[in-house]
There are 2 protein chains.
Amino acid sequence: MAHDDSVQADVLISEVGPRDGLQSVQATMPTEAKFRWIDALVAAGVREIEVASFVPARLLPQMADAAEVVAYAVRQPGVTVMALVPNLRGAEAALRAGAHKLTMPVSASRAHSLANVRKTPEDMVEEVRAIARLRDELAPAVKLEAGISTAFGCTLQGLVPEDEVIRLAAMCVAAGADESGLSDTVGYANPSQVRRLFRRLRSELGSRAGAAHMHNTRGLGLANCLAAWDEGVRTFDSSLGGLGGCPYAPGASGNVVTEDLVFMFEAMGVRTGISMQKIIAARAPLAAGLPGEPLYGMTPDAGLPKGFGPFH
Amino acid sequence: MAHDDSVQADVLISEVGPRDGLQSVQATMPTEAKFRWIDALVAAGVREIEVASFVPARLLPQMADAAEVVAYAVRQPGVTVMALVPNLRGAEAALRAGAHKLTMPVSASRAHSLANVRKTPEDMVEEVRAIARLRDELAPAVKLEAGISTAFGCTLQGLVPEDEVIRLAAMCVAAGADESGLSDTVGYANPSQVRRLFRRLRSELGSRAGAAHMHNTRGLGLANCLAAWDEGVRTFDSSLGGLGGCPYAPGASGNVVTEDLVFMFEAMGVRTGISMQKIIAARAPLAAGLPGEPLYGMTPDAGLPKGFGPFH
């Protein structure tokens with residue numbers, strides 16, 4: 001089943017740690033440890049988890065158990081199980097494994113797209129079209145999201161024209177994606193740009209405007225999420241312990257830290273459906289599965305404010 | 001002289017490291033090292049620096065050279081030299097040393113005020129009144145700011161009623177302060193609360209609504225600054241390397257990190273008047289003066305985005 005709509009929540013926090021986090025670290029987390037981590041996330045109230053990437057195991061040994069992890073996760077109640085698929089072949093495997101939702105990265109930077117997957121953005125839109133067709137055949141209830149990567153800039157080409165980003169997002173929806181979200185793949189985004197781009201995305205795509213996937217590379221992760229929230233974005237990707245997202249240096253987590261993001265929203269009175277105490281507790285199985293790996297996040301260290309809401 | 005109004009800037013970043021930072025670390029920075037750090041801050045374009053606290057040297061040996069540091073700083077061009085004064089006696093010393101601006105902390109939490117200075121908030125307002133009178137006598141051009149501390153919550157009493165905060169800020173202005181700012185002393189603030197309180201402050205005090213002094217204890221420092229900016233706040237306190245502000249744990253800086261704050265605004269197209277390259281370079285004299293002290297900030301590690309503006 002997909003996520004439980006009976007949960008009272010104003011935003012959807014989409015936990016990407018088991019995919020984005022684990023594929024960014026050297027160590028491979030044992031499959032059983034992934035199960036325990038997913039259990040803890042679900043117990044905390046997380047309603048969407050990106051659990052795996054369907055790439056060849058020789059490229060990412062951390063993801064060799066992708067099908068097994070999806071099969072486990074879909075048996076947990078109330079959670080939408082997402083899988084990243086880089087191409088049609090990966091999509092077929094993910095669909096056969098039973099994923100509820102696929103996310104396909106499409107880079108708005110031509111330089112990044114060619115360097116990364118040796119395809120142009122337009123080639124990738126054709127891949128989205130092929131995946132959408134396959135989905136229609138095999139599992140029409142499955143949602144397909146296009147994640148427009150390098151949407152806020154690129155380490156190779158620098159500036160990525162906003163017109164290109166919006167055009168590509170629209171092309172992906174036209175090709176059959178249910179929604180297009182925007183990713184700050186390299187941590188270049190600033191709040192003004194986030195507002196501008198999500199406003200345009202919403203104006204172009206309406207309810208098919210998707211998630212904000214922000215990074216914390218330069219410390220602006222939460223400020224950028226706030227900016228996206230202000231523009232009506234209601235789905236946010238983040239990673240427990242800030243795992244993944246290409247950290248540059250100790251203390252410099254890549255992905256937005258789930259714990260701090262949940263704290264920000266809950267403190268604002270924006271309901272996430274996630275328990276602060278339990279999401280902090282979910283760090284234990286993560287740490288147990290990746291011994292020695294640094295975890296980020298400031299709320300877990302600082303603790304909750306005195307008198308913080310009864311829900312928590 | 002006070003700060004140079006010919007500088008093109010949209011916000012004033014008020015660097016508090018030499019006061020708030022240095023008083024929070026165990027080590028005492030040698031006076032000469034403070035001078036070199038202040039030089040580097042001024043060279044980077046910082047136009048306001050809180051350089052010292054006028055407290056008895058037996059309480060804070062790090063600040064024993066306060067008068068000497070003020071006397072040095074006021075000889076630098078284009079910078080407003082601030083001093084924290086906890087009471088009338090400190091104010092007299094700061095005025096005699098030649099400070100351009102005094103900041104007086106007044107806690108909105110009765111519990112915190114009594115525990116910290118053994119005075120009620122109302123007693124502290126009377127101290128503000130006495131300081132304002134002395135200022136009028138000795139140096140009428142000097143500005144006096146009341147910093148309403150624990151304005152967003154308190155580790156002792158938890159919730160601090162918003163009515164109390166606004167009432168106290170208004171009382172300080174009525175007692176002779178030129179402006180009242182709001183401080184998130186313990187890192188409890190969230191963006192909704194920041195917006196609400198600064199909106200009320202501005203509505204109550206108009207142009208006498210002062211600075212936002214936010215902490216990064218739970219990672220929300222920049223998001224809270226963004227929220228304050230949205231409400232029209234144009235002066236922001238921060239600390240180079242995130243020094244000070246009671247860090248709880250490694251990676252958990254207390255004060256908002258100047259380098260990341262400047263990056264956020266400059267990336268948004270909001271002019272700070274500060275050079276990114278030079279403010280990052282100002283970490284060197286800070287580090288040299290405090291060997292072994294951890295410095296925070298993510299932009300210095302990550303570097304500037306490719307193609308980041310010509311100004312920098």
Side-chain angles (χ1 to χ4, degrees), chain A residues 152-159 186-195 216-227 229-230 242 246-254 256-257 259-261 263-270 294-308, chain B residues 152-159 186-195 216-227 229-230 242 246-254 256-257 259-261 263-270 294-308:
Chain A
F152 300 89
C154 167
T155 44
L156 298 174
Q157 77 176 49
L159 190 79
V186 295
Y188 276 17
N190 69 73
S192 296
Q193 183 190 24
V194 168
R195 285 177 178 156
N216 200 33
T217 318
R218 290 171 181 79
L220 273 60
L222 291 185
N224 286 331
C225 287
L226 177 66
W229 158 263
D230 289 337
C246 305
Y248 280 79
S253 83
V256 167
V257 175
E259 301 89 308
D260 292 341
L261 182 65
F263 172 70
M264 180 175 83
F265 280 129
E266 291 288 334
M268 290 170 68
V270 173
L295 297 188
Y296 307 104
M298 299 175 82
T299 309
D301 284 333
L304 295 176
K306 185 180 172 81
F308 195 66
Chain B
F152 300 89
C154 168
T155 44
L156 297 174
Q157 77 175 48
L159 190 79
V186 296
Y188 277 17
N190 70 72
S192 296
Q193 185 188 25
V194 168
R195 286 178 176 153
N216 199 34
T217 317
R218 290 170 180 80
L220 274 60
L222 292 185
N224 285 332
C225 287
L226 176 67
W229 158 262
D230 288 339
C246 306
Y248 281 79
S253 84
V256 167
V257 175
E259 301 88 308
D260 292 341
L261 182 65
F263 172 70
M264 180 174 83
F265 280 130
E266 291 288 333
M268 289 170 69
V270 173
L295 296 189
Y296 307 104
M298 299 175 83
T299 310
D301 285 333
L304 296 176
K306 185 180 172 80
F308 194 66

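Protein chains get the first letters and strands the later ones, always in sequence-line order, with residue 1 at the start of each. When reading the values below, keep in mind they use all heavy atoms of this one structure, side chains included, and skip hydrogens, waters and symmetry mates.
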**Report entry** ring pair (Phe, Tyr, Trp, His ring centres under 6.0 Å) against B:F265, all qualifying residues, sequence neighbours excluded
**Finding:** B:W229, B:F236
Report summary line: Smallest heavy-atom separation, B:R195 atom then A:L226 atom, equals NH2-CD2, 3.8 Å
Report summary line: Turns out that what part of A:L222 lies under 4.5 Å from chain B's heavy atoms comes down to both
Query raised in the report: Does A:T299 reach the side chain of B:R218, with side-chain heavy atoms less than 4.5 Å apart?
Result: yes
Query raised in the report: Sub-3.5 Å donor-acceptor pair from the side chain of A:Y188 to the main-chain atoms of B:F308, do we have one?
Result: no
Query raised in the report: What is the minimum heavy-atom distance between B:M298 and A:G219, and which atoms define it?
Result: SD-CA, 3.6 Å
Query raised in the report: Checking heavy atoms, do the side chain of B:D230, its backbone, both or neither come under 4.5 Å from chain A?
Result: side chain
Report task. Select one option (side chain, backbone, both, neither) describing which atoms of B:C225 are under 4.5 Å from chain A's heavy atoms. Result -> neither
Query - Among B:L156, B:L261, B:L159, residue most engaged with chain A (heavy-atom pairs, under 4.5 Å) - result: B:L156
Query - Nearest heavy atoms of B:G158 and A:K306, plus distance in Å - result: N-CD, 3.6 Å
**Report entry** Heavy-atom contact with chain A under 4.5 Å, split by part of B:E259
**Finding:** neither
